[in-house]
Structures are given as structure tokens and as C-alpha cells.
Amino acid sequence: MIMENQFVIYNTISRKKEVFEPLVPGKVGLYVCGPTVYSNSHLGHARAYITFDLLFRFLAQSGYKVRYVRNITDVGHLEDEIEEAGEDKISKKARLEKLEPMEVVQMYMNTFHRNMDALNVLRPSIEPRASGHIIEQQAMIESILKNGFAYEANGSVYFDVEKYNEKYNYGKLSGRNLEDIKINTRVLDGQSEKKNSFDFALWKKAAPEHIMRWPSRWSNGFPGWHLECSAMSTKYLGEQFDIHGGGMDLTFPHHECEIAQSTASQGKEAVRYWMHNNMITINGQKMARSLDNFITLDELFSGNHKVLQQAYSPMTIRFFILQAHYRSTIDFSNEALQASEKGLERLMSAVETLEEIKDSEQSTVNVVDLKNKCFAALNDDLNSPIAIAHLFEGVKLINSIKAGNERITASDLSDLKSFFRTFVFDILGLEDERANKDGGKNEILEGAVDLLLKLRMEAKANKNWDTADKIRNELSALGVEIKDTKEGFEWSVK
RNA sequence: GGUUCCUUGGCCGAGUGGCUAGGCAGCGGUCUGCAAAACCGUGUACGGCGGUUCGACUCCGCCAGGAACCUCCA
């Protein structure tokens, strides 16, 4: 299916586009940092997981067998690095809401799944949870300790960044060096049990009131946040794997720490290509929970938020996100979403029109060229906006053929149909939402509307414009979209 | 303060050392009883100032404005 073009991917660690070569021919190991499930999913999550969904779909479509691991962080994510007060997000939320921690986790995980399903984000191959991998995380701590890159203090275990940096390079991913970090890191209060403020927790002793805790030889406690991804990626993808993805905001410290952990425990780096999606901004500022300027996906779908002029469907949001390159920021605005909504509608109409097109003896269109351009765009570091731009050339072609200005042979037509289906539905992961809505059509409604529109045609034939316009106006007021055609009419439920 | 990055036409958003991005909106036309849809046509765009070059929106420098990370974040 895919052209012989090579897939090129921007590797954060080299800051260059590189030709993608999997560790094992034909197979790809992909790990993406999943959400910390302590609150509702928002637009930023949509961006991240749609980006990697596109990658997943495209690689699969390119013929790779992909194992896609995306975790759920349900423990160990420190709310605050202030030593003794260290408490993880889940358990804090649980106390606030008087729920079992696992109840909180379940609740927000359900929402996350529901939202991702709506956005047509495919489920990963494996979705491991941090709380289910305490043993693996402890084993990793042991090996880091054994290799001398961690130390125990007061029941907690910390990663010794300075020691690590003597042998390896801490900061290579984010482009920092330890000296700068030393100068610029916030100094913790005097009672720190860490050797250095930039050391990070591998195991954290639980305070008495802390609910989520597991026994270990160091203390009853819980694992540090950075550890879960290292432990779980190793478990499911091996000591080395192809692509690790996540939001740009995770580059430092999270991913930097992951590199340090893997290297410290196994003597070599685990990840070959680091891929980071950029942020969604609102009024030029990052949309984030901590900034309290985020819009949840449920709010977007329902239009129930003060900055929203209307509801935006999941596919509008997906299309909006795909219209920008994943490494650029995109600024949220009603105008931009509305433009995407219209554009998507035009694309989907063309997909429908494609089914009605009649073939000819000869083609005046070049389907192969169109296909090549679309695939080449995605091969070039997943350039979805370019791919979509070319897709709109296809839309123009389809409309021109329908209008009789261009012609297409039967074999080109079937080629074009299968290309559009594959590209729009399977790779870009778009769905025709109107098709679902038309499910609301039933035989009675269909018969009634058809009848009215036939009466309108008769009225038109008799030049009875008042009646014709009345039928048209009142039906559209009810949400029936009418198109007059040469043959008569078409309609759909808006 | 340190590190990295961004600044494109009314809006969104690609990209390139010289050749049409694309979408939305607008304008003119075709079609239509009128519209809608569709089609055709249509825009002196690249923050400012210098430099390199035959030629820069694209490379370099400076300036201005903005952002991300340096604390949890997709």
C-alpha cells in the first residue's frame, strides 16, 4: 500500500530529522507516556494522543507490526517535591473527594477512555498501570543501587545525579548541563535528605497519612514518578526499543530521568528515537491544569464552557489538531475550530460524492501522483497539514469529476476510492459523523421528507415558488439540509 | 537569570535561497425561478534593522514582541 519512501522522524535527542530504522525489521516498539488519572482529560491530552495515534496508524499502514504501550499513571506522581510533605496526586485527590484512591483512578480513567474513543484514538496494544508494576520498579531500583547510582536516605531511595553525570551525560535530551542545573535549581529547605536538590526519588517513604503504599526493604512507600515508564517500557518492549513519545513538557525532567534510570540500571540507553508533541495554547499560553485555563474534552463536546461559542464534535477537534504539525504549538480559538468544522465537512462531502461518481473511457486526473504526495507528507516527520492540503486537491478533483469538468476511468476511480478510504479513515482516523447522525433517519422520516421534497418539485414545475420556498425554509428550520441537483434533490439531517 | 523555540495575507496554518501550500472568511462569475451546494477566477503575506548572495520570507547578526522548559503538567 505505502510507497517505498522512507519514514523520517524528528529525534529530539539529536535535534534532527532521521531516517527511521527499526531495531527489528518490520517491527516497531512504541512507548508513549499516558495520563495521570486524577482529573478530567482536556484538549492537551487530545493533541498528544491524537498525534501518537496518527503515528501508530501510519506505521501500521506502512506495514509495520507495532507494539504500542501507553501507560496509565495511577501512583507515584509527586504532587510536590517538598521532601517530607511529598504526597502523590492520586492520593491527595482521594482524600479531597473522600474516595478510595483506586476509585479516583477508575473514574478518570473511564473518562479518559470514553473521550479517546470519541476522538477515534485507537487503544494501545498494552496499557499498563504503574500500580501493577511495583515489583518491576523495585527490581530496577535494586539494579541502580547495585551499580552505585542511587543512595538510600531515611527509607527513601534517590537517584545520584552527580555520580551518574561523572560517567554518563545527564541533560543530553533536554540540552542542559549539570552545572547550569546546579546554579538554577531551586534550593530546598535545609532538612532535605537528598544529597543534591536535583536528585530525584526512586522510592519514597510514605508519610503516616499516605494511603497508597507498598512494602519494600527500604520502607513502606511508593515509587517515584519517573521510574514507572522506565520499568514498564523495559518489561514490555525490552531493554532497547524504537520510539518513545510524549508531550514536550515531559522532556525535562521526566524523560531526562528516564534516560538516566535506564542507563544507570542497564549500562545503555533504552530509546532510539524520542518524539515530542508541542502544546495547545489558549490566548498564547499553554493550556494546563496547573494554570487553570484548560478546557476539558467533555466541555468541548458539549459546548459547556464560558469561552466556547458552540459545541465542537470530536472529529472537528481531531481535524483541527491534524491541520497543524505536531511540533508546532496550536492556539485554541473558536474561529479556528469553526474553520476546521467547515473544512472537515467539505472533505467528508467529497468522500460521499466519490461514491456517486461515474467513470469514463479515459482519465484526466492523476491519482497516483495524489497518493504519492499524501504519503510522502506523512513520511516526512508526520506532516499531516501537508497531507491534508493534498487531500483537498483530491476534493477538488472529485467535485470537478462530479461536475463533469474532469473524467476518470473505472480503474482510477476504484484506486481513488480505496486511497481516500484508507487515508481519511484508517490513517488520519477521521469518521463521517453525519453518517452516524443519519442513523437518526428512519423509514418514516425518510419517506415523509422525500414526499415533501417531491411536492416541492411539483410546485417548482408549476412555478409555484411560494409553496416551494415554504417547504424548503421550514424543512431547513427543522434541521434538514437540502441540496437541489440536476436529477432532483438530496437531503441530510444537519 | 539559564536553556530552547516562535513571529507568515482578515483568521487558522504549511513551506522553501529564485518556481501556486491548504483550510475558513471575502470578492467576481457559472449554475439556479431565487437561494443553498458545487464549479471557475481572484489576494503587493512572510516582526524591525543591518549583513552574506546575482537573488532571502527562507542563511548570519542585532533589536522588538511572544512562548515552553528550568516545580506538577500531554
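Naming convention: chains lettered A, B, ... in sequence-line order (proteins, then strands); numbering from 1 in each chain.
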Student: Using a cut-off of less than 4.0 Å, is there contact between a side-chain N or O of K396(A) and OP1 or OP2 of rC39(B)?
Tutor: no
Student: Taking atom C1' in both rC5(B) and rG9(B), compute the distance separating them and give it to the nearest angstrom.
Tutor: 24 Å
Student: Please state whether the phosphate of rC40(B), meaning OP1 or OP2, lies under 4.0 angstrom from any side-chain nitrogen or oxygen of S400(A).
Tutor: yes
Student: What's N383(A) touching, base or sugar-phosphate or nothing? Going by heavy atoms closer than 4.0 Å.
Tutor: sugar-phosphate
Student: Between rA38(B), rG33(B), rA74(B), which nucleotide gets closest to the side-chain atoms of N399(A)?
Tutor: rA38(B)
Student: Check every strand shown and say whether H42(A) touches a base, only sugar-phosphate, or nothing at a heavy-atom separation below 4.0 Å.
Tutor: base
Student: Which is true for S333(A) with a 4.0 Å heavy-atom rule: it touches a base, it touches only sugar-phosphate, or it touches nothing?
Tutor: nothing
Student: Would the F425(A) and F420(A) ring centres measure less than 6.0 Å apart?
Tutor: no
Student: P atom, rC11(B) versus rC69(B): distance in rounded Å?
Tutor: 27 Å
Student: What is the separation between atom CG on N277(A) and atom P on rC5(B), rounded to the nearest whole Å?
Tutor: 18 Å
Student: From the list rA74(B), rA21(B), rC72(B), which nucleotide is the closest neighbour of the side chain of M287(A)?
Tutor: rA74(B)
Student: Please pick, from rG33(B), rG2(B), rA74(B), the nucleotide with the shortest atom-to-atom distance to any side-chain atom of I280(A).
Tutor: rA74(B)
Student: Within the 4.0 Å heavy-atom criterion, would you say K286(A) contacts the bases, only the backbone, or no part of the nucleic acid?
Tutor: base
Student: With P as the reference atom in both, quote the distance from rG22(B) to rU44(B) in angstrom, rounded to an integer.
Tutor: 15 Å
Student: Below the 4.0 Å mark, does rA37(B) have OP1 or OP2 next to a side-chain nitrogen or oxygen of S349(A)?
Tutor: no
Student: Do the two ring centres, one from Y170(A) and one from F198(A), sit under 6.0 Å apart?
Tutor: no
Student: Give G247(A) one of three labels, base, sugar-phosphate or nothing, depending on what nucleic acid heavy atoms sit under 4.0 Å from its own.
Tutor: sugar-phosphate
Student: Of the candidate nucleotides rA25(B), rG33(B), rG23(B), which contains the atom at the shortest distance from the side chain of R346(A)?
Tutor: rG23(B)
Student: Find which nucleotide of RNA chain B each of I388(A) and M248(A) is nearest to by heavy atoms, and output the residue with the more 5' nucleotide.
Tutor: I388(A)
Student: Hey, does A389(A) reach any base, or is it just sugar-phosphate, or nothing, if we go heavy atoms under 4.0 Å?
Tutor: base
Student: Can you tell me which nucleotide in rG2(B), rC72(B), rA21(B) comes closest to the side chain of P253(A)?
Tutor: rC72(B)
Student: May I ask you to say what A324(A) touches in the nucleic acid, namely base, sugar-phosphate or nothing, with a heavy-atom cut-off under 4.0 Å?
Tutor: sugar-phosphate
Student: Verify whether one side chain among N71(A) and T73(A) offers a donor that lies under 3.5 Å from an acceptor in the other.
Tutor: yes
Student: Regarding rA35(B), can its base be found pairing with the side chain of R472(A) as donor and acceptor, where the two atoms are less than 3.5 Å apart?
Tutor: yes
Student: Please check if any side-chain donor atom of E490(A) sits under 3.5 Å from a side-chain acceptor atom of T485(A), or the reverse.
Tutor: no
Student: Ignoring the backbone of A339(A), work out which of rC39(B), rA68(B), rG23(B) is nearest its side chain.
Tutor: rG23(B)
Student: Are side-chain N/O atoms of H255(A) and H226(A) paired as donor and acceptor at under 3.5 Å?
Tutor: no
Student: Taking atom P of rG13(B) as reference, at what distance in whole Å does atom CZ of R327(A) sit?
Tutor: 16 Å
Student: With rounding to whole Å, what would you report as the distance between rC57(B) and rU4(B) at their C1' atoms?
Tutor: 23 Å
Student: Please name the nucleotide paired to rC69(B) by Watson-Crick or G-U wobble geometry with both distances under 3.5 Å, or report none.
Tutor: rG2(B)
Student: How close or far is atom P of rG13(B) from atom CD of E335(A), stated in whole angstroms?
Tutor: 12 Å
Student: Check the distance between rC72(B)'s P and K204(A)'s NZ and give it to me in whole angstrom.
Tutor: 12 Å
Student: Of all the nucleotides listed (rA74(B), rG33(B), rG13(B)), which has the minimum atom distance to the side chain of R47(A)?
Tutor: rA74(B)
Student: By the definition side-chain hydrogen bond (donor to acceptor under 3.5 Å, both in side chains), identify the one residue from T51(A), N277(A), D381(A), N278(A) that meets it with Y326(A).
Tutor: D381(A)
Student: Of all the choices, rA14(B), rG22(B), rA35(B), which nucleotide is nearest to the side chain of F392(A) once you look at every atom?
Tutor: rG22(B)
Student: Answer with base, sugar-phosphate or nothing: what part of the nucleic acid does R289(A) contact at a heavy-atom distance below 4.0 Å?
Tutor: sugar-phosphate
Student: Just name whichever nucleotide pairs with rU42(B), Watson-Crick or G-U, keeping both distances under 3.5 Å, else none.
Tutor: rG26(B)
Student: Is the ring centre of Y49(A) under 5.5 Å from the base ring centre of rA74(B), and are the two planes under 30° apart, so that they stack?
Tutor: no
Student: Name all residues meeting the side-chain hydrogen bond (donor to acceptor under 3.5 Å, both in side chains) criterion together with T467(A); count only those two or more places apart in sequence or in a different chain, and write none if there are none.
Tutor: N464(A)
Student: Whether R289(A) engages the ring of Y38(A) as a cation-pi pair (distance to the six-membered ring centre under 6.0 angstrom, angle to the ring normal within 45°) should be assessed.
Tutor: yes
Student: Picking from rG23(B), rG33(B), rA14(B), which would you name as closest to the side chain of K460(A)?
Tutor: rG33(B)
Student: Remember a base hit wins even if backbone is also touched, and classify D469(A) as base, sugar-phosphate or nothing at under 4.0 Å, heavy atoms.
Tutor: base
Student: With a 3.5 Å cut-off and heavy atoms only, can you find an N or O donor on one side and an acceptor on the other between the side chain of R15(A) and the base of rC5(B)?
Tutor: no
Student: If rC62(B) has a Watson-Crick or G-U wobble mate with both distances under 3.5 Å, name it; if not, just say none.
Tutor: rG48(B)
Student: Taking atom P of rC6(B) as reference, at what distance in whole Å does atom CG of N283(A) sit?
Tutor: 22 Å
Student: Nearest-nucleotide wise, let me know which of T251(A) and G34(A) is further upstream toward the 5' end of RNA chain B.
Tutor: T251(A)
Student: Rounded to whole angstroms, how far apart are CD on E352(A) and P on rA38(B)?
Tutor: 12 Å
Student: Look at the side chain of K483(A) and decide which nucleotide, out of rA37(B), rG2(B), rA74(B), has an atom nearest to it.
Tutor: rA37(B)
Student: Determine the contact category for D484(A): base if any of its heavy atoms lies under 4.0 Å from a base atom, sugar-phosphate if only primed atoms, P, OP1 or OP2 are that close, otherwise nothing.
Tutor: base
Student: Whole angstroms only, please: what is the CG-C1' distance between L344(A) and rG22(B)?
Tutor: 15 Å
Student: Looking only at heavy atoms, what is the nearest atom pair of F222(A) and K205(A), with distance?
Tutor: CE2-O, 4.5 Å
Student: Rounding to a whole Å, what distance do you find between E179(A):CD and rU3(B):P?
Tutor: 14 Å
Student: Need one value for I330(A): base, sugar-phosphate or nothing, where a base atom within 4.0 Å counts as base even if backbone is also close, heavy atoms only.
Tutor: sugar-phosphate
